[in-house]
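Beneath this line is the structure, given in structure tokens, with notes to follow.
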Amino acid sequence: DVKVTQSSRYLVKRTGEKVFLECVQDMDHENMFWYRQDPGLGLRLIYFSYDVKMKEKGDIPEGYSVSREKKERFSLILESASTNQTSMYLCASNVGIYMTPLHFGNGTRLTVT
Amino acid sequence: ELKVEQNPLFLSMQEGKNYTIYCNYSTTSDRLYWYRQDPGKSLESLFVLLSNGAVKQEGRLMASLDTKARLSTLHITAAVHDLSATYFCAVEKGGSEKLVFGKGMKLTVNP
């Protein structure tokens, strides 16, 4: 079974801190994604990566950046955390061809105070 | 801009009953996905619908896709409590491998 592992289940950070969310997948998937999930808004794509060192902006990239130095690892970076970035963050991956569903990690619930 | 709408957003139903939920989307796409999320858990894939007229069934759930109407349905047959969860549909954006998700439908099945 595909495993997508997010390093933290819960995080509490202060406004202005730099925050790193880490995600690792073990199935050699080409594509990796970061979503945030908010009540009443569903999932919104922040960034995705289709190869090492490659990235594309999603629908809500402002305030975020990403890093993919190795195929299995995709990091989401909040350069200066703000309270409106309090959310559930979901990492996902899939094989780099059409028609394959996303495999999601368990999520990181981030609270920025 | 691709928009995905689910209807209804909340559904409370009795065990044993049938119901259909809807997912509409605003621009042409041939690929639609259904996911399930249990409380406090992540999303798991239920169905992948790849062409007009596609129908997939698993247990008490059946999903279909009408690309001309830009509509997918998820039909629940003889609901059981274990189906209680939030169901998301997601549509692929112009062959880009980016998915746009609906807001999710929270289903509660009462004994």
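Chain A is the first sequence line, chain B the second, and so forth, proteins listed ahead of strands; every chain is numbered from 1. Since we're looking at a predicted model, the values are computed, not measured. Heavy-atom basis, side chains included; hydrogens, waters and symmetry copies ignored.
Between B/L49 and B/K56, the closest side-chain pair of non-hydrogen atoms falls below 4.5 Å. Looking only at side-chain heavy atoms (C-beta outward), B/T86 and B/L107 stay at 4.5 Å or farther from each other. Within the 4.5 Å cutoff, side-chain heavy atoms of B/H75 are placed close to those of B/N18.
For A/L90, the part sitting under 4.5 Å from any heavy atom of chain B is the side chain, from C-beta outward, and nothing else. Within the 4.5 angstrom heavy-atom criterion, no atom of A/Y50 approaches chain B. If you measure heavy-atom distances from B/Y35 to chain A, the contacts under 4.5 Å come from the side chain alone. Heavy-atom distances place both the backbone and the side chain of B/L99 under 4.5 Å from chain A. Looking at B/E1, there are no atoms closer than 4.5 Å to chain A (heavy atoms on both sides), in backbone or side chain.
Under 3.5 Å, the side chains of A/S93 and A/N31 contain no donor-acceptor pair of N or O atoms. In this structure, a donor-acceptor pair under 3.5 Å is present between the side chains of B/E92 and B/Y33. No donor-acceptor contact under 3.5 angstrom links the side chains of B/Q37 and B/E44, judged on distance only. With no hydrogens or angles considered, a side-chain donor-acceptor pair links A/S87 and A/D38 at under 3.5 Å.
Residues of residues 53-86 of chain A lying under 4.5 angstrom from chain B, judged on non-hydrogen atoms, are A/E56, A/K57, A/D59 in numerical order.
In this structure, A/H103 and A/H29 have tilted ring planes: the angle between them lies in the 30° to 60° band.
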